[in-house]
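Read the numbers this way: they start at 1 and go in the same order the structure lists the ligands and their atoms. Note that the structure is a prediction, hence the values are computed from the model and not measured.
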Amino acid sequence: MYFGSIEAGGTKFVCAIGDEELNIVARESFPTTTPEETMTDVINFFKEYQAELASIGVGSFGPIDIHPDSATYGYITSTPKLAWQNYNFVGALKAAFDLPVAWTTDVNAAAYGEYYYGHGKGKRSVVYYTIGTGVGGGAIQNGHFIEGFSHPEMGHMLVVPHKDDHFEGACPFHGNCLEGMAAGPAVEKRLGMKGQDVPADHPYWEQEAYYIAQCAYNTTLMLSPDVIIFGGGVMKQAHMMERVHRHFTELLKNYVKTPDLAAYIVTPKLVDNAATIGCLAMAKDLLK
Ligand code: ADP
Ligand code: ZN
């Protein structure tokens, strides 16, 4: 028996097949162009495994409709990616394969992967953020995603600008929200080079860490989770976590006693596989 995973990102779709132990047995990426093109690639990929495929888990860029009783459940809704606006993602999969489909956000899927097989294993609650092209967040409590009228949009929490940072923020909605100040494109806009090309000793990284630490501070005080995980391209800066821990300690002022920071604010144990493993786990859970 096989499970399918679709990590639907703004630049690429990563499709994977997992076995019953969630070992990844096949994986392929397709560029995110139009729904017609990209979904044709996706469907062709899964067709090869159709005979053994039991269910599919999807973690998608958003915003998406996650309410099972909504007429537009399974749709990508008001995304700035025009071709994907009001696209019936789950409907397209169901039309191609008569299989159960699990549907959530890309960051929720990554949170789920870490909850079951990464730093959240054996813990009650996990919060996962990605600091990449955008900033997204997902939270899990006792195996359930935290959600209400919609999924969380934690990446758009407001942050206090650093005293030496005069950047107005890159978010078209809020300016200086976390995504507007700390996502990869904000780094690039400020410094005129991509984050991966900024040297490790550049003074800007202290400001970046200050924003990520504010996120950890807000998360700690709102949810008191067992672990906070930061993934995404920007966290590939190996020096970042030490800086985040330092700023977090300064901000929190020992107001609450958190778990030891080395185990509390961490990068993903599953490295770049968190969302894929999470989608496979969601697919497997559908059969329970
Ligand atoms: P996505 O968010 O599109 O899924 P990533 O998480 O890889 O993809 O994020 C891409 C963003 O992260 C880009 O803005 C890129 O410049 C930035 N980035 C990638 N690698 C690094 C790095 N080593 N250091 C800092 N920024 C990086
Ligand atoms: Zn914003």
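Nearest heavy-atom pair, Leu286 versus Ile56, reported as atom, atom and distance to 0.1 Å: CD1-O, 4.3 Å. Taking both residues in full, the closest heavy atoms of Glu179 and Gly134 are given as OE1-CA, 3.5 Å, listed atom of the first, atom of the second, then distance.
Salt-bridge annotation for Lys288 and Asp285: present, with a side-chain N of the basic residue lying under 4.0 Å from a carboxylate O of the acidic one. The pair Glu114-Lys269 fails the salt-bridge criterion, with no side-chain N (NZ, NE, NH1 or NH2) lying under 4.0 Å from an Asp/Glu carboxylate O. The pair Arg190-Glu168 does not meet the salt-bridge criterion, since no charged nitrogen lies less than 4.0 angstrom from a carboxylate oxygen.
Residues Phe230 and Tyr128 place their aromatic rings such that the two centres sit no closer than 6.0 Å. Separation of the His162 and Tyr210 ring centroids falls under the 6.0 Å cut-off. Annotation: Trp205 is not in aromatic contact with Tyr211 [ring centroid separation under 6.0 Å not met].
Atom 13 (C) of ligand 1 has its closest protein heavy atom at Gly184 CA, 4.3 Å. Atom 24 (N) of ligand 1 has as its closest protein heavy atom Gln237 NE2, 2.8 Å. Looking from atom 23 (N) of ligand 1 to the surrounding protein, the closest heavy atom is Lys236 CB, 3.5 Å. In this structure, the protein non-hydrogen atom closest to atom 22 (C) of ligand 1 is Gly233 O, 3.3 Å. Counting protein heavy atoms only, atom 3 (O) of ligand 1 is closest to Thr133 OG1, 2.7 Å. The single protein non-hydrogen atom nearest to atom 9 (O) of ligand 1 is Gly132 CA, 3.2 Å, given as residue, atom name and distance.
Annotation: Gln196 places an N or O atom under 3.5 Å from an N or O atom of ligand 1; distance criterion only. Polar contact check, Trp205 against ligand 1: no nitrogen or oxygen pair lies under 3.5 Å apart.
Rounded to 10°, the angle formed at the Zn ion (ligand 2) by SG of Cys177 and SG of Cys171 is 110°.
For His156, the N/O/S atom at the shortest distance from the Zn ion (ligand 2) is named ND1. Summary: ND1 is the N/O/S atom of His174 found nearest to the Zn ion (ligand 2).
Distances below 4.0 Å separate heavy atoms of Gly232 from the following atoms of ligand 1: 6 (O). Near Gly195, meaning under 4.0 Å from one of its heavy atoms, ligand 1 places the atoms 16 (O), 24 (N), 25 (C), 26 (N).
Within the 4.5 Å cutoff, the side chain of Val227 has no heavy atoms near those of the Val127 side chain.
Counting protein heavy atoms under 4.0 angstrom from atom 1 (P) of ligand 1 gives one or more.
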